[in-house]
2 protein chains.
Amino acid sequence: MPELDAPTTIKAFEERLLEVSSSLPKRLRQCADYVAANQDRIAVSTVATMAEGAGVQPSAFMRFCQILGFTGFSEMQKLFRESYSGGWPDYSTRLEHLRDSGSGSPSALLAEFVDAGRTSLESLLKTMDAEMLDAAVAALAKANMVHIVGYRRSFPAASYLAYAFEKMDVPAMLHSGIGRLDSRHALRPGDVLIAISFAPYSAETVELAEAAHAAGVTVVAITDTVVSPLRKLDALILSVSEVDFGAFRSLSATLSLAITLAVAVGTMRQNGKI
Amino acid sequence: MPELDAPTTIKAFEERLLEVSSSLPKRLRQCADYVAANQDRIAVSTVATMAEGAGVQPSAFMRFCQILGFTGFSEMQKLFRESYSGGWPDYSTRLEHLRDSGSGSPSALLAEFVDAGRTSLESLLKTMDAEMLDAAVAALAKANMVHIVGYRRSFPAASYLAYAFEKMDVPAMLHSGIGRLDSRHALRPGDVLIAISFAPYSAETVELAEAAHAAGVTVVAITDTVVSPLRKLDALILSVSEVDFGAFRSLSATLSLAITLAVAVGTMRQNGKI
DNA sequence: ATAAATTTGGACTATATATTCCATTTTTGG
DNA sequence: CCAAAAATGGAATATATAGTCCAAATTTAT
């Protein structure tokens, strides 16, 4: 058989499908039509399901895959599973490879981290809950004082927020934990606390957020996964899932969210006052 | 076992995950964290892949599925496959849409800042001087102690560097200026100073860098324009031009550069020692 | 410090699913 | 209308993957 090479991108796949579909016998044509109309199901279905959907026997569907240039259904499915957009590249293993293979020149590393940052930014935009963001901005705009807490890897974001609020003339206080002073008594009614914490959630941050919640202070939480302990307080949740490499994460998305908060809140306050 | 009913919606799944995750032993907790951060992967992965991602044995992952209330991985996967609607979200159109609609809303601002971050990252990759970067990494890898200084808007980057060096077991000291202590005497021969400063260059940073230079301590400067005073000391210059909005800048590029330095230096030290 | 209980890793088994093969049916061309 | 070629359906087989079980390691309680 003069079997052709298998398509390696969805685009190539679509072209091949179009190209082939005009000269297909009945059953195979059904396959083509069904696939064209249900591309998204390929990644999560079995041959049997696809065949049933198309109204043909599984073996017919197999032949269809082969005509398209794949060795079988599995190979075709692989294409769709890999290019399934939700699938982030697995950075930690990629990084290990880079380092192990000695090709880990600083420049190569930089390229990886830049790429991770880009991915995080895109994902931030796709997943941010606009209503939650509006609500958080509104709450912060009305606050007497904005408290900010975030330790360890969240500390850079916390300190940036403090800087940005200061620039926007928003009264803000960074709880840095210096001197182990217990700062929870600074939380007064009418204040708002921004708590930033990512897995593994540092105990101090969670405690302060809990204290705030107990004292009736509104909490805005910048956090990641659904298992975050910050979700248990009924806080305004701003979800940020940053691509990470073991202990590191680029923070690009978190920082962008931070500036947004500061500018939006600052602007709203100025408009309200003047 | 008093096995509970399996979650039938993603929402219920997330709740169960949150509910259960606090009382989980090490390996199972890894599963929970990985799943929380990679929900979208479940539909298109095998147990083996998921287990590898979470860093556990497949059998551990199976147990995890069962604890969540499913009979096994297949049942859990079924939930995600069924509620998988396809729909690859299109980032660029979404961005345009966000910007067009209601300019000035927090979401529109976010879109702007995300875009700025992306631009900065791209430009970082294009303009980074690979040789300079190599030289900086080499110098830092040989240092007895790495000193880090950066105030005001550079402080988040400085604190992130301190965090990342700590994680990589590189002895590092963050000069934070707390209590106005004069820390310049901590600079010893054989040390290296990373000075981070962007226009307008804060006097304290420049002074410390000058003191270091005078004391024969190598200076690595992360800075922007060609008029930066840090360029006068013959330092190793890492140029970062971050897109900015008046007083703000996203810091995405600076932070990516920071992780790169930490990982590259940490790796080089570990390889050299062992 | 010791015993009990829990957790873990990995070998083993069961099962679901893909893939092939071939007898039967349908289409095509003379 | 017949023979040859192509297409089809379904049974048989191979393979990948899920799921189980238990001995070893770890943690916890006494």
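Chain naming here is simple, since letters A, B, ... match the order of the sequence lines and numbering starts at 1 in each.
Residues forming a side-chain contact (heavy atoms from CB on, under 4.5 Å) with A/Ser74 (at least two apart in sequence, or on another chain): none. With sequence neighbours excluded, no residue satisfies side chain to side chain donor-acceptor pair (under 3.5 Å) with B/Ser21. Checked against ring-ring contact (aromatic ring centres under 6.0 Å, His included), A/Tyr34 has no partners two or more places apart in sequence or in another chain. In this view, A/Thr71 and A/Glu75 satisfy the side chain to side chain donor-acceptor pair (under 3.5 Å) rule, not counting sequence neighbours. Take B/Phe165 and apply the ring-ring contact (aromatic ring centres under 6.0 Å, His included) test, not counting sequence neighbours, and it matches no residue. Partners of A/Glu207 under the side chain to side chain donor-acceptor pair (under 3.5 Å) rule, at least two apart in sequence or in another chain, do not exist in this structure. With sequence neighbours excluded, no residue forms a side chain to side chain donor-acceptor pair (under 3.5 Å) with B/Ser159. Remark: A/Phe64 engages A/Phe61 in a ring-ring contact (aromatic ring centres under 6.0 Å, His included) (not counting sequence neighbours). With sequence neighbours left out, A/Asp33 forms a salt bridge (charged side-chain N to carboxylate O under 4.0 Å, His left out) with A/Arg29.
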Next item on the list: List the protein contact pattern of nucleotides 12-27 of chain D with one symbol per nucleotide (5' to 3'): B for base contact, S for sugar-phosphate-only contact, - for none; contact means a heavy-atom distance under 4.0 Å.
Entry: ------SSB-------
Item checked: Contact state string [nucleotides 25-30 of chain C, B base, S sugar-phosphate only, - no protein heavy atom under 4.0 Å] -> ------
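C/dT8 atom C1' lies 11 Å from atom CD of B/Gln30, rounded to whole Å. Atom CD1 of B/Ile67 is separated from atom C1' of C/dT6 by 12 Å (rounded to the nearest Å). Atom pair A/Phe61:CZ and C/dT19:P shows a separation of 11 Å (rounding to whole Å applied). Rounded to whole Å, the distance from NZ on A/Lys78 to P on C/dT19 is 12 Å.
Under the 4.0 Å criterion applied to side-chain N and carboxylate O atoms, A/Arg152 and A/Glu204 are not assigned as salt-bridge partners. Between A/Arg118 and B/Glu122 there is a salt bridge, with a side-chain nitrogen of the basic residue lying less than 4.0 Å from a carboxylate oxygen of the acidic one.
Under 4.0 angstrom from either OP1 or OP2 of D/dT8 there lies no side-chain N or O belonging to A/Gln57.
Relative to the axis of its first five pairs, the axis of the last five pairs of the helix from C/dA1-D/dT30 to C/dG30-D/dC1 sits at 30°, rounded to 10 degrees.
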